[in-house]
Every structure is written in structure tokens, then in C-alpha cells.
Amino acid sequence: MPEKQDTRKVTPRSQDFAEWYNDIVQRAELADYSPVRGCMVFRPDGFAIWEAIQAELDRRIKRTGARNAYFPVLIPMSFLKKEAKHVEGFAPEVAVVTHGGGKELEEPLVVRPTSETIINHMFAQWIHSHRELPMMLNQWCNVLRWEMRTRLFLRTAEFLWQEGHTAHATREEAERETLTMLEVYRGFVEEYLAIPLIVGKKSAAERFPGAEETYTIEALMGDGRALQCGTSHFLGQNFAKAFEIKFLDESNQLRFAWQTSWGVSTRLLGAVVMVHGDDQGLRLPPLVAGTQVVVVPIYRKPEEEAAVMASARSIAEALQAADLRVQLDSREGLTPGFKFNDWEMRGVPLRIELGPRDIASGELVFARRDLKGAEAKSKAAISEVTVRAKTVLGQIQKSLFDQAKAALASQIREFDSYSALRKQLEGEGGGGFALVYWCGEPACETKIREETRATCRAIPIGQSGAGGKCIVCGKSAADRAYFAKAY
RNA sequence: CGGGGUGUGGCGCAGACUGGUAGCGCACUCGCUUGGGGUGCGAGUGGUCGCCGGUUCAAAUCCGGCCACCCCGACCA
């Protein structure tokens, strides 16, 4: 049971989104700042969401054939330097260990910012034959990147993630794997986190250092800015060549492996907050909520208390027996109104109110977190509480997705003139995704970024349109791309 | 790393301009009261005012320096 928390109102979302976000994260007790700059503490309610994400995503990852392993947090400095683009991309943000055991180290060690190098070093030793391919590993771990500017969950120096690394015999198979994982992420984030996505390829400028192609899932936050929620990279043979991952194929030819890597991080928690939260607090999709149902007992006199608590307890037990994550709010000395607000702040999807009246009538009150006002409340027969709760939780999951989907749809705009695009992005807020034809030239992308601060978020895959004219230079453009201001 | 802001009980703030030995709200403890949308009343606990130095009989307050954190930008999951 949580502690009673302070009762200050949160900063309204519409007034100051960044303040609102910090308020929610801390008052819903998801996380707190640490004594070390840029690092954060995951509190139990926040970590529970990560655990729910891990449990389901781990299942989905394993279903594709990958297995979990664990590689060390410390990597020889020289490893990072083996792939030119990779070191260029990560060198500025690595933390380096120079001393150990009271002595200066022979070779400095970096705290992993990602594990491509150490994993591929091991791959080179493990892979000799096409019979050993594909090799598909995943690890759940922490990584460290010395970020200039940090925000709880969205960008912290240390963060938790899973990173998958695979090696394949052919380009085609590796490319297929890249897209398979992209689809695993899309399915998981949309179905579990109820966050609708834009899916596509990254531009060269936004590509992972060392990758040949990067694919992304992008979501829209409540303030109209985009957030990259996961990436899947086709690495080609870049790392295989740098780390000499070679195998003999069926015709006894020595070949370099084709590789992928892919990951999602605890940033997803920030996305959940920013997509679903409102001025009352957090709103959690039932599938990842640490507590899915809370039972709030209501009573006056001691004799009422006994009856209500007995009934509330048996209802909570029945829900629990049906595999729902339940809490019975038995805290004393707090009014029901206080508890209602408290659980709303914490984002619990379904609240059950139970008092003497309900026991007398055989019905209790359901209050849904996804709806507002009178609409949020309904009655359910006590005898059917388990079935009804499951049904309603399913509806809440869908309703949160539908609300977010509508918000996303309303924030996607197509432009065919640069001045109109610029006007939209420069306007107050300037949020949302702009869908425009782009020729693919970095110069045009740079112009948009410099003049509007929006970046290319994704280029949808497999566009079948007739093509059009680049919104910047007017030359012919095969594909359209999404641009947005991003976190 | 540039711009802005803030550092005073656990949290949010006042006090600073005009130096005089620290105050308010919330939280916390105890008692009563109340309980279907943040109950009410009373009594309490808790602070060397971010750090270092200077001015002064006297510094939260004035002066100098430093540090930390937050927000906005550039860079990035």
C-alpha cells in the first residue's frame, strides 16, 4: 500500500507540459532524481511497469528465436574504435574507467553505451560455420551515455533496455530479421502500451552509427512532439568486417556475417506518461499497470466497517484469483475522496467503490480512469464483478489506444508547399507530424531542421504512390517522409 | 557547452530591497471529529537559511567566489 502523498495539484498539462511531466512522474511515485547528475531512481510503481514491459516483450522476442545472454558492462577502449562511424557516434558520450584496484589501468575501459563491440568480439570467436547461423542474442541490461541534458525516463545518463544482436549468413535474412523485430516492437507498443505509432526508415542523418539502415517506431506525445520509441538496425557487414566475424558457407567459401541490432529502453515509460496522462495524473494501460484494479471501501460506523471490509476483501481475493493485479485500499483515516484522487494520480485503470449501499443493493461502482465525469462511473453486480472487471479492463485498454490514435491522426498534416510547412512548424507549439515529399538529399533535410527545428522522424516503408516534388527543392521525390520536432 | 531560473525543516514557498538571532501552507506525530470526490478542530516534532570567504557589534539578508539542480537550445534511445 502506498504512503499518503502530498495533495498539491499538478501543473496543468496545457500550461507547461514539461512541468506537468515532472510533476506526474514524481507524484505518481514512478521515479525520483538521484544524487548523481543525469541518473534516476526507479521507484516500485515505475519499476513495476518496466517489469510488465519486460515480461511480455521478452516473451515476444524469444518467440522470434532469440535467446537471452549477458555481456559485461566494461568494454576495452580499443573495441569501441574498431568501427569508424560507431566510435565517432559514441565517443563523446562514453564514461571511461581509468583506475582499478588503486592503480591506473593498462588499457582504459569504457562503460558500455551499447554492446555491439563486445558482443561482436565474442561472435567472432563463436561463429565459424554457416551451421552456427543465425546467431540471435538478446540482453536486458543498463547502459551509460554521458548526456548533456537529461530528463526523467526520456534521456538519462544510465538507462535500462534490451539490446538484440544477430548474425546471419545472407543479406536477405538479416534484412528480414531487422523488419521482423521492427514489427515485434510495433505490435508490442501498440497492443500493450496502447501507443499508436508511425513506422518507417530513418534518414541517413538519423541513422545509428555503424548501421546501413535504421528503422524506427515513432510516437506522438501530448505536446505534439515526437518520441522515438524503438529502433531496429540493419548493420550490413560493417561490424562483421571490423570484428572479423567470418564463417565458411556451404561451398566452403569464407564469408563475413550479415548483422542486425535492435532495442527499446525505459524511455517507453516516459512515452506512456506523455501519451496517456492527464491533469489528474497518470493513466496506465491495463496490460502494463502494476495495479489494474483498486478496491476502495467506504463506511461510517464500526459495524459498517466490518461488513464492508469483509465484502471488499472477498471481492479483492476473487479478482486476484482471476489473475488480476489488485489492491485493497484499507488505509485508515483517509476519506474516500482523497483515495479516489490518489489512485487517479497513480493511474490505476479501474477503481471499484464499495460501501453499505452497494452491499445492500448487490451492486458496486466501477470508475474507469480512461473516461471523465459521469461517463466514467457505472454499476456492476457484485456476483459478476470478476467477469465485468475483465471486460471493462479490455475496454479501457482499447479506449486509451483509440484516444491516442485520434490524437495522432489529428496531428498528422500533409503539406505541398514549403512556406505552409514552415508556418505550421514555427507556429505556437508547432507540434505534430508533417508528411511531405522529400527528395532524400541531406541538404534539404538540413534546411528544414535549421529553419524549423523539425527533423525527419520516419520514411514509411514500401510507399506505392506515384511520387511527387520535394517540398524544399522541388526536384522529383519518390517517397514522402514524416517530419516533426522530437524529444 | 550557450541562454534563463532556483537553492531557506521531507515538499512548496515568504522573509532579502531597508542587516537585529527564522515564518507560513502541506506532509509527519498524538487526540477528538469526519467518511459516496482532496473532512474539520486542537496540541506537537522538525531548519547551523547550497558551500567558502569578506564587510559589520550583528548576515538568510550586503559584497566576492564556487557548487548543485531545473527549464530552454545545440547533441543524442
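In what follows, every chain begins at residue 1, and chains take the letters A, B, ... in the order their sequences are listed.
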* Asked: Between the base of B:G36 and the side chain of A:R357, is there a donor-acceptor distance below 3.5 Å?
  ->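 When only heavy-atom distances are counted, A:R357 does reach the base of B:G36 through a donor-acceptor pair under 3.5 Å.
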* Tell me, please, whether A:F340 has A:R351 positioned over its six-membered ring: NZ or CZ under 6.0 Å from the ring centre and within 45 degrees of its axis? =>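 The answer is yes, since A:R351 meets both limits relative to A:F340.
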At under 4.0 Å between heavy atoms, what does [X] touch on the DNA or RNA strands: base, sugar-phosphate, or nothing?
X      : answer
A:V264 : nothing
A:P356 : base
A:S265 : base
A:E93  : sugar-phosphate
A:T214 : nothing
A:R351 : base
A:Y487 : base
A:K377 : base
A:L227 : nothing
A:E147 : base
A:D358 : base

Pairing of [X] and [Y] as salt bridge, 4.0 angstrom limit:
X      : Y      : answer
A:E451 : A:K447 : yes
A:D279 : A:R13  : no
A:D58  : A:R63  : no

* Between A:S311 and A:V308, is there a donor-acceptor pair closer than 3.5 Å when you use the side chain of the first and the backbone of the second? ->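 Judged by distance alone, no pair lies under 3.5 Å.
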Atom [atom1], compared across [N] and [M]: separation rounded to whole Å:
N     : M     : atom1 : answer
B:C17 : B:G3  : P     : 28 Å
B:G50 : B:G7  : C1'   : 6 Å
B:A60 : B:G15 : C1'   : 8 Å

Would you mind reading off the distance between [X] atom [atom1] and [N] atom [atom2], rounded to a whole angstrom?
X      : N     : atom1 : atom2 : answer
A:D23  : B:C71 : CG    : P     : 11 Å
A:R145 : B:A77 : CZ    : C1'   : 6 Å
A:W146 : B:A77 : CH2   : P     : 18 Å

* **Side chains of A:N22 and A:R151, donor plus acceptor under 3.5 Å** =>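 There is no such pair between these side chains.
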* Do you see a donor-acceptor pair shorter than 3.5 Å between the side chains of A:E163 and A:Q139? ->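 A donor-acceptor contact under 3.5 Å links the two side chains.
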* To do: Let me see the working for A:H233 and A:F208 under ring-ring contact (aromatic ring centres under 6.0 Å, His included), right down to the final yes or no.
  => CA-CA 7 Å; A:H233 313 291; A:F208 176 76; 4.3 Å; yes
* Can A:F159 be called stacked on B:A77 when the rule is centres closer than 5.5 Å and an angle between planes below 30°? ->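 Stacking is present between B:A77 and A:F159, given that their ring centres fall under 5.5 Å apart and the planes under 30°.
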* Asked: Considering residues at least two apart in sequence or located in another chain, which fulfil the side chain to side chain donor-acceptor pair (under 3.5 Å) criterion with A:E206?
  ->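 Scan of A:E206 (side chain to side chain donor-acceptor pair (under 3.5 Å), adjacent residues dropped) gives none.
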* Stems formed with participation of RNA chain B [Watson-Crick or G-U wobble, under 3.5 Å, three or more pairs] ->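 RNA chain B stems, ordered by first number: B:1-7 with B:67-73, B:10-13 with B:23-26, B:28-32 with B:40-44, B:50-54 with B:62-66.
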Enumerate all atom pairs, one protein N or O and one N or O from nucleotides 3-5 of chain B, separated by less than 3.5 Å.
none

